[in-house]
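Worksheet: the structure to be examined is printed underneath.
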Amino acid sequence: MPNHRKNLEARTRYDPGEIEQRIFAEWLQGGYFHPPAEGTPAQNYSVAIPPPNVTGALHMGHALNGTMQDALVRMQRMRGRNTLWLLGTDHASIAVHAVLEKELRAEGTSRHELGREAFLERAWAWKEKHGSQIVNQYKRLGASCDYERERFTLDEGYVRAVYRVFKELYDKGYIYRDNYMVNWDIGSRSVISDLEVENRKVEDTIYFIDYPVEDSDDVLTVATVRPETMLADTAVAVNPDDERYRAFVGRHCILPLVGRRLPVIADQHVDPEFGTGALKITPGHDPNDFEIGRAHDLDEITVIGEDGRMTEAAGERFAGLTVAEAHKAVVAALREEERIRGEEPYVHAVPFSHRSGERIEPLISLQWFCRMDELAQPAIEVVERDEVRIVPDQWKRVYLDWMREIRPWCISRQLWWGHRIPVWYCDACEETYIAETPPERCGACGGELRQDEDVLDTWFSSALWPFATLGWPDDTPELRAFYPTDFLTTARDILFLWVARMIMSGLEFAGDIPFEDVYVHSVIQARDGRRMSKSLGTGIDPLEEIEVHGADALRFGLLAMSSTQDVRYSDAKVQQGRDLANKLWNASRLILLNSDSGQNQPGTNARQDTNARQEQAPVGVPGGTAQGSSPHPTRAEDRWILSRLQRAIATMTERLEAYDFAHAAQEAYRFLWSELCDWYLEIAKPRLYDGEKDAAATLLGVLEQTLALIHPIMPFVTEEIWSHHPAREGHLAVHPFPQADDSLIDLDVEAEVDEAIELTRRLRAWRELVGVPVGSVLSGRVEGADPHEFVGRLARFEFSSDGGDPIASVGPVEVLASGEVDAAAVRERIEQRRTELRSEVERAERKLGNEGFVAKAPPEVVEDERRKLDAYRSELEELG
RNA sequence: GGGCGCGUAGCUCAGUGGGAGAGCGCUCGCUUCACACGCGAGAGGUCGCUGGUUCGAAACCAGCCGCGCCCACCA
């Protein structure tokens, strides 16, 4: 592959655009992401991706979430585990309706005009055309999902799973149908669950309205922010202990504008301190009043319809008006009758639809519900016992608090795209059938059956994701091999909507927890700290970032900026990732282009003699602990880098396993940049140029391990470089992941080389501080053995024991006078150093003079302080 | 109303009991044969405020100020 080789020689910049797509295709072709359904869940590693909406485009949340999963999945795959990362999409009822109904509106029609069947045809056509978009975008990110096992929540098999679950829950008595107070979303013309409601602060006006008491001149004044709902009032309630109203309980008010007799009832729920202490009761349009109404067996009147307009029951003056119009009209009418005693501005929380953004209309409606208490109990216990571990654990309590207060879940939706409720009604004899497959005719009377019009809440099917995707309810090889999965990554916003429900359904239907760990990651905000959102225009497109900086750069950046708390998107971190990829590329060029035996001239030795190269190359030791041909080199610096590499491997592995991605990324950066490139490569360069085999072997071994170590977070650049490595046998994606080898950690050698590095640093700093020209070589004298060779080379010093006048000392080095050194600057520097040392000595003396410190601090801390003091004193003494 | 989190260098964030850190930005100097997406050297911080615990507090405790989020049927 001469061209391949030439690329390495010619390109001084890593160019992700050229290679990412090619490499991804190679991975797919290798079949690495498509594991056989063999082995046990304990042996295997599996993750189910949080399924993105079919309508979706990859956003930063996906990118972060996907990168985290990919990093862990790749690490486990490299460790040789049979690894499945299951991918698929969610049918997302409401989102698809939003897209299609917008189209229809633009065409001047509506879904109701079109009809259910034609609408669904259109929805499927839309899905076929656009549904693969987001899947392809995950590929751009480098996500190593099993693209051959892609699932969709409306797949035939998945629908069977949903129907099975519905029927079982119904048979157990958990699912039921009831007329109940629901959150009606005017925007989507459907009921939504409590979790899809978002409370916002709203400035309203609170009106104080006089309700005359029957057969008297008395009035009861009630307070309300929604006067239009008074048309549906069926009682007035007061607190039973409220002396002011005790006499009125049992009497009646006359409802203004309507004339209805309203019983005055006593109920604990009424707060005597709030408003007037008298509460108008509207069971049809207020959740609180609904409860009171049911407790007191009050009439439930509906004056607001599902279309958001006033119904006939509102009376002919108001029927047909929108709620807002009715509000004004009722207030005007009450004014006319002089019933309004007062009004005040009032700020309070008002429910809005999370989806459509419209104000929720609470009303009574016939819907399907699922009782949750019994399902919740085991799901509470597994989290209490940490069988499902929620990380970080503050979210454990949030989960438990919510689960312990769980309420029935309204699962029906007045939409068409989704799982149609598997219930059939016989109009002739009023029989009801709940079945997994549609029954032919009514078993009782032989009459025609009509299926329920509604579909299930999308989250009802998402709740089954970890096992339904593996083939449940059938006993499939996939299910046996990969369930339960290992972990789930998610942002906190779907902890209740999705995570809790998966745990409940996993335990109930698949007989086990769906995953062992739940990692709750940060939310990435826009650069200015606002929420990233399409509607605000604050979104940052991950694909654009990939286009500009490369997938590895984005991946590194996202991991590096991630946290357990919200963080602002950091362009700097993505650039850091890009720079790191480039650094790795160039460091690799240095190593690879100079590690062939014989010719070392970069650019002139496009050798094709691969056999020869392999002979001298460090062959990967089986098991993936390749360390070069000589795992225990004799030179200190070689042993130093190997020792440091083991630490980097250990740290990075540990951080990844702890879901601490930011520190894992930082460790990769630190090791590669600061230790390998800044020091070791500079130290080893001359030996590399000289064709010294030990140096080349060490470097090739370190490179191999470094590439493998970093591959989980930056898969593309590492794979590309690996393709140039002489030890390469297959793709890095399935290369053994490095394991820290403690036998290579050498504390003595680390201390020795660190000391030499520190000396180099000090000499360089000293030169700059006293203004020595960059190019000039200074003379230095050292007592005893010379420092390591690289100290003089990198700091531009020549050491000898010959004579000469010392003009300054830097550590163990006496700097000898020369024309390059300005004596005045040196004196100034010495004075500066003296000041530094004096303050250090003073600080240490003060600390050691504190009796409490010496008596109570741990001895090693005190000892450490003494050592430092001695060192400062002796240096000060040397300076005179 | 209840709960959670945050306030550290100009910016974005680490650091949870023993001398304040990173990246970016800034200053100075370098066309050093891997990389200017680079190399070397620097400047920059009363760790929100007030009290307390401790020999020792950015860290632990209490209160306050500011910001954010979640849950909640006071109309």
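In what follows, chains carry the letters A, B, and so on, assigned in the order in which the sequence lines appear, proteins first and then strands, with residues in each chain numbered from 1.
Using a 4.0 Å cut-off, some side-chain N or O of Ser563(A) falls inside it from OP1 or OP2 of A14(B). Contact annotation: Trp673(A) does not reach the phosphate of C37(B) (side-chain N/O to OP1 or OP2, under 4.0 Å). Contact annotation: Arg670(A) does not reach the phosphate of A22(B) (side-chain N/O to OP1 or OP2, under 4.0 Å). Note on Gln666(A): every side-chain N or O is 4.0 Å or more away from OP1 and OP2 of U12(B). Considering only side-chain N and O atoms, Arg568(A) lies under 4.0 angstrom from the phosphate OP1 or OP2 of U12(B).
Taking the P atom of each, A22(B) and G40(B) are spaced 14 Å apart, rounded to whole Å. Comparing C47(B) with G38(B), their C1' atoms are spaced 33 Å from each other, to the whole Å. For the C1' atoms, the distance linking G44(B) with C4(B) amounts to 34 Å, nearest Å. Nucleotides U16(B) and U54(B) are separated by 16 Å at their C1' atoms, to the nearest Å. Straight-line distance between the P atoms of G42(B) and A58(B): roughly 26 Å, to the nearest whole Å.
Taking only side-chain atoms of Ala857(A), from C-beta outward, the nucleotide of C4(B), C55(B), U12(B) with the closest atom is C55(B). Considering only side-chain atoms of Arg764(A), the nucleotide from G40(B), C35(B), G38(B) that sits closest is G40(B). When each of G3(B), G18(B), A14(B) is scored by its nearest atom to the side-chain atoms of Lys847(A), the top-ranked nucleotide is G18(B).
Base pairing annotation: G38(B) forms a Watson-Crick or G-U wobble pair with C30(B), both donor-acceptor distances under 3.5 Å. Remark: G7(B) base-pairs with C65(B); criterion is Watson-Crick or G-U wobble with both hydrogen-bond distances under 3.5 Å. Base pairing annotation: C13(B) forms a Watson-Crick or G-U wobble pair with G21(B), both donor-acceptor distances under 3.5 Å.
Between the side chain of Arg833(A) and the backbone N or O of Glu875(A) there is no donor-acceptor pair closer than 3.5 Å. Side-chain atoms of His549(A) do not come within 3.5 Å of backbone N or O of Val574(A) as any donor-acceptor pair.
Ring pair Trp673(A)/Tyr669(A) is parallel by interplanar angle, where below 30° counts as parallel and above 60° as perpendicular. Classified by interplanar angle (parallel below 30°, tilted 30° to 60°, perpendicular above 60°), the ring pair Phe797(A)/Trp766(A) is tilted.
Among residues two or more places apart in sequence or in another chain, the side-chain contact (heavy atoms from CB on, under 4.5 Å) test is passed with Glu547(A) by Arg140(A).
Note on Pro362(A): nothing from the nucleic acid sits closer than 4.0 angstrom, heavy atoms only. Within 4.0 Å (heavy atoms only), Glu682(A) reaches at least one base atom of the nucleic acid.
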- Encode nucleotides 69-75 of chain B as B, S and - characters from 5' to 3', where the letter depends on protein heavy atoms closer than 4.0 Å: B to the base, S only to sugar-phosphate, - to neither. S--SBBB
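Mapped onto RNA chain B by nearest heavy atom, Trp679(A) and His663(A) fall at different nucleotides, with His663(A) at the one closer to the 5' end.
Listed by first then second residue, pairs satisfying ring pair (Phe, Tyr, Trp, His ring centres under 6.0 Å) with a partner in residues 565-584 of chain A number zero, not counting sequence neighbours.
A side-chain donor-acceptor contact under 3.5 Å links Glu228(A) and His327(A).
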- Task: Evaluate the side-chain contact (heavy atoms from CB on, under 4.5 Å) criterion for residues Trp585(A) and Glu720(A): first the C-alpha distance (whole Å), next the side-chain angles of each, then the deciding distance (0.1 Å), finally the verdict.
- Result: CA-CA 9 Å; Trp585(A) 172 255; Glu720(A) 173 67 6; 3.9 Å; yes
